[in-house]
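Every number for a ligand or one of its atoms is a count from 1 in the order of the listing. Predicted, not measured: the structure shown is a model, and the values here were computed from it. Position 1 is the first residue of the sequence; numbering continues from there.
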Amino acid sequence: MTDPLSFATTEVTGLIADDAEEWDRTGLLPVDLLRKLGSDGRLCAQVPVGYGGWGLNSASNGAYTAHVGGLCSSLRSVMTSQGMAAWTVERFGTAEQRSVFLPLLTGGELAAVGFSERGAGSDLAAMSTRVRREGDTVVLDGHKVWVTAAHYADLLVLFGMFEEEGDPEGQEGGAVAVVVPSATRGVGVERVPEPLGCRAAGHAHISLDEVRVPLTHVLGGTALPLPLLVTTALAYGRMSVAWGSVGILRGCLTAAARHAAAREQFGVPLGEHQLVARHLAELLVAEQTATRVCEHAARCWDEGSPDQVMATVLAKHISAGNAARGAATAVQVLASAGAADSHLVARAYRDAKLMEIIEGSNEICQLMLARHVLGSAA
Ligand code: FAD
């Protein structure tokens with residue numbers, strides 16, 4: 001029997017072919033491609049086989065994510081969102097919710113996950129989106145910004161604060177994650193114009209005006225602590241972005257090495273100039289370091305290690321930073337050959353910068369790591 005990981009990577013390579021540059025230029029991924037990958041569970045390959053997924057463990061899902069990330073960060077971003085939506089359902093949904101929503105996510109429905117708001121970026125405790133109960137329904141009011149894949153999504157997993165009836169200040173309710181079909185009355189989706197990178201990932205702002213969905217769409221109850229909900233959902237996204245960054249580094253390393261071997265200046269290949277060789281060494285170190293921290297984090301996930309959360313933050317922080325610096329190095333090695341917006345290294349340069357902002361910015365990751373160190377010392 002074919003190994004599912006090698007089948008998936010071979011197939012996705014063929015499906016993307018040389019089209020990533022065109023998708024980046026037009027700012028759109030082909031929806032039929034997303035539906036094809038989605039309907040075969042390939043956008044959230046960690047979902048168990050029983051729910052229509054591929055049941056990949058974290059290490060295999062990471063290798064697959066890195067592969068896609070090396071080809072097209074926009075498609076990898078859509079995968080990250082789909083995987084994070086599925087992970088949130090897996091972790092917080094009841095058995096019935098899992099059996100309803102996961103087959104949709106492995107059956108071709110596309111998903112996005114919204115935490116951020118205009119006044120709540122790094123500080124998600126400042127979220128103003130409110131969810132109140134009315135009989136067998138809940139009503140959402142608020143907004144979300146910069147939601148990856150929202151332009152394509154059929155289902156939105158949205159986070160907000162629950163208001164108990166008679167408690168309009170939301171003092172008694174907890175945080176909630178609600179599955180909202182994007183076609184529901186009161187949902188507005190407006191694309192982010194001309195993002196710096198991952199230009200075809202369908203980033204959009206979402207407005208929610210008296211949006212009513214069944215109470216059964218609230219995942220895991222109405223009184224969850226916000227840090228638990230957010231940290232759990234984001235953990236998947238962090239792993240996915242970390243591996244996607246590894247993919248970016250691999251693409252940059254290959255492009256830089258090929259160019260340095262082929263182009264001659266001053267009568268010898270560029271790679272024989274020691275300062276250029278140093279760039280290549282730095283790129284290799286960046287790629288290898290990122291790979292090793294991601295492998296370590298994936299092992300923590302697969303073994304259920306208590307170090308999982310910190311290993312994930314570390315993997316995301318190192319990989320994203322390495323990708324941003326590595327992509328800049330690759331542009332430097334190619335110089336004018338890589339300076340056109342459409343070139344793989346130019347695209348990587350724009351895409352990689354965003355990896356330092358999303359799923360916990362560099363600074364927020366550093367704060368989490370520092371708190372961990374201080375906590376261990378106490
Ligand atoms: P701010 O929170 O305003 O931060 C600005 C700067 O200050 C950053 O450098 C930050 O690190 C720093 N900073 C903030 N607080 C501190 C602190 N306490 N200590 C030190 N430094 C600090 N959101 C979603 O919900 N879903 C998505 O799918 C999604 N996709 C995204 C995709 C892209 C390409 C981008 C750019 C954003 C996306 N976002 C998404 C939003 C993203 O999560 C936020 O941009 C991110 O959390 C940072 O918030 P902010 O932009 O409001 O920056």
Side-chain angles (χ1 to χ4, degrees), residues 24 27 29 43-44 69 72-88 110-129 140 142-153 155-161 175-178 180 182 189-208 226-227 229-241 244-245 248 313 316-317 320-321 323-324 347-371 374:
D24 185 67
L29 294 167
L43 292 177
C44 46
C72 177
S73 281
S74 289
L75 179 58
R76 197 276 311 146
S77 300
V78 169
M79 273 176 60
T80 298
S81 296
Q82 187 90 3
M84 194 161 38
W87 175 246
T88 307
L110 302 172
V113 180
F115 309 89
S116 308
E117 300 180 0
R118 277 186 287 281
S122 303
D123 179 14
L124 289 176
M127 254 185 229
S128 64
T129 294
L140 290 89
H143 71 278
K144 296 290 163 188
V145 295
W146 274 97
V147 180
T148 302
H151 172 70
Y152 305 112
L155 295 174
L156 305 166
V157 176
L158 300 176
F159 291 73
M161 300 309 293
V176 279
V178 189
V180 177
S182 57
V189 178
E190 183 194 344
R191 278 202 76 169
V192 174
E194 301 180 356
L196 170 69
C198 301
R199 288 180 174 164
H203 307 110
H205 305 320
I206 297 171
S207 57
L208 303 161
L226 181 69
L229 192 58
V230 164
T231 307
T232 305
L234 280 176
Y236 183 94
R238 289 184 176 135
M239 278 302 281
S240 188
V241 166
S245 300
I248 291 175
V313 174
K316 192 275 170 184
H317 181 54
R347 184 153 47 85
Y349 181 69
R350 292 187 277 102
D351 295 342
K353 182 61 207 163
L354 298 180
M355 302 306 112
E356 296 194 300
I357 297 171
I358 58 174
E359 318 294 359
S361 63
N362 276 0
E363 292 78 6
I364 295 302
C365 287
Q366 283 174 318
L367 289 175
M368 292 175 78
L369 293 168
R371 266 185 225 122
L374 290 169

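The two residues S128 and H143 come nearest to each other via the heavy atoms OG-CE1, 4.0 Å. For the residue pair S240 and T80, the shortest heavy atom distance occurs at OG-OG1, 2.6 Å. Of all non-hydrogen atoms in A233 and F115, the two that sit nearest each other are CB-CZ, 3.9 Å.
A salt bridge does not link R76 with D351: none of the charged nitrogens is closer than 4.0 Å to a carboxylate oxygen.
Counting only heavy atoms of the protein, atom 31 (C) of ligand 1 lies nearest to W146 O, 3.1 Å. Looking from atom 16 (C) of ligand 1 to the surrounding protein, the closest heavy atom is I364 CD1, 4.0 Å. Here the heavy atom of the protein found nearest to atom 14 (C) of ligand 1 is S122 OG, 3.4 Å. Of the protein's heavy atoms, I358 CG2, 3.6 Å lies nearest to atom 37 (C) of ligand 1.
The shortest distance between side-chain heavy atoms of I248 and M355 falls below 4.5 Å. Counting only heavy atoms from C-beta outward, the side chains of I206 and L156 approach each other to under 4.5 Å.
In terms of the salt bridge (Lys or Arg N to Asp or Glu O under 4.0 Å) criterion, residue partners of R199 (sequence neighbours excluded) are, by chain and number, D341. In terms of the side chain to side chain donor-acceptor pair (under 3.5 Å) criterion, S182 has no residue partners (sequence neighbours excluded).
Interface of G114 with ligand 1, defined as ligand atoms under 4.0 Å from a residue heavy atom, comprises 25 (O). Close approach of ligand 1 to F115 (heavy-atom distance below 4.0 Å) involves ligand atoms 24 (C), 25 (O). Every atom of ligand 1 is numbered from 1 in the order shown, and the set under 4.0 Å from a heavy atom of L354 is 34 (C). Counting the atoms of ligand 1 from 1 in the order shown, those under 4.0 Å from a heavy atom of E363 are 9 (O), 10 (C), 11 (O), 20 (C), 21 (N). Heavy-atom proximity to T148, at under 4.0 Å, picks out these atoms of ligand 1: 27 (C), 28 (O), 29 (C), 30 (N), 31 (C), 32 (C). Of all atoms in ligand 1, numbered sequentially from 1 with element shown, those under 4.0 Å from a heavy atom of L367 are 17 (C), 18 (N), 19 (N). Listed by atom number, the atoms of ligand 1 under 4.0 Å from V113 heavy atoms are 24 (C), 25 (O), 26 (N), 27 (C), 28 (O). Of all atoms in ligand 1, listed by their number and element, those nearer than 4.0 Å to a heavy atom of I357 are 45 (O), 46 (C).
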*Step by step, work out the side-chain contact (heavy atoms from CB on, under 4.5 Å) result for C198 and H203.*
CA-CA 9 Å; C198 301; H203 307 110; 4.0 Å; yes

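Remark: ligand 1 and S361 share an N or O pair separated by less than 3.5 Å (distance only, no angle test). For the pair S116 and ligand 1, the shortest N or O to N or O distance falls below 3.5 Å.
Of the listed options G121, A85, G197, A126, G121 places a heavy atom closest to atom 50 (P) of ligand 1.
Counting only N and O atoms by type, the side chains of E190 and S207 include no donor and acceptor under 3.5 Å apart.
Using cut-offs of 30° and 60° for the angle between ring planes, the H205 and W146 rings count as perpendicular.
Distances from atom 52 (O) of ligand 1 to the protein include at least one heavy-atom value under 4.0 Å. Contact annotation for atom 6 (C) of ligand 1: protein absent (non-hydrogen atoms, distance under 4.0 Å).
Looking at H203 against ligand 1, only its side chain comes within 4.0 Å, counting heavy atoms.
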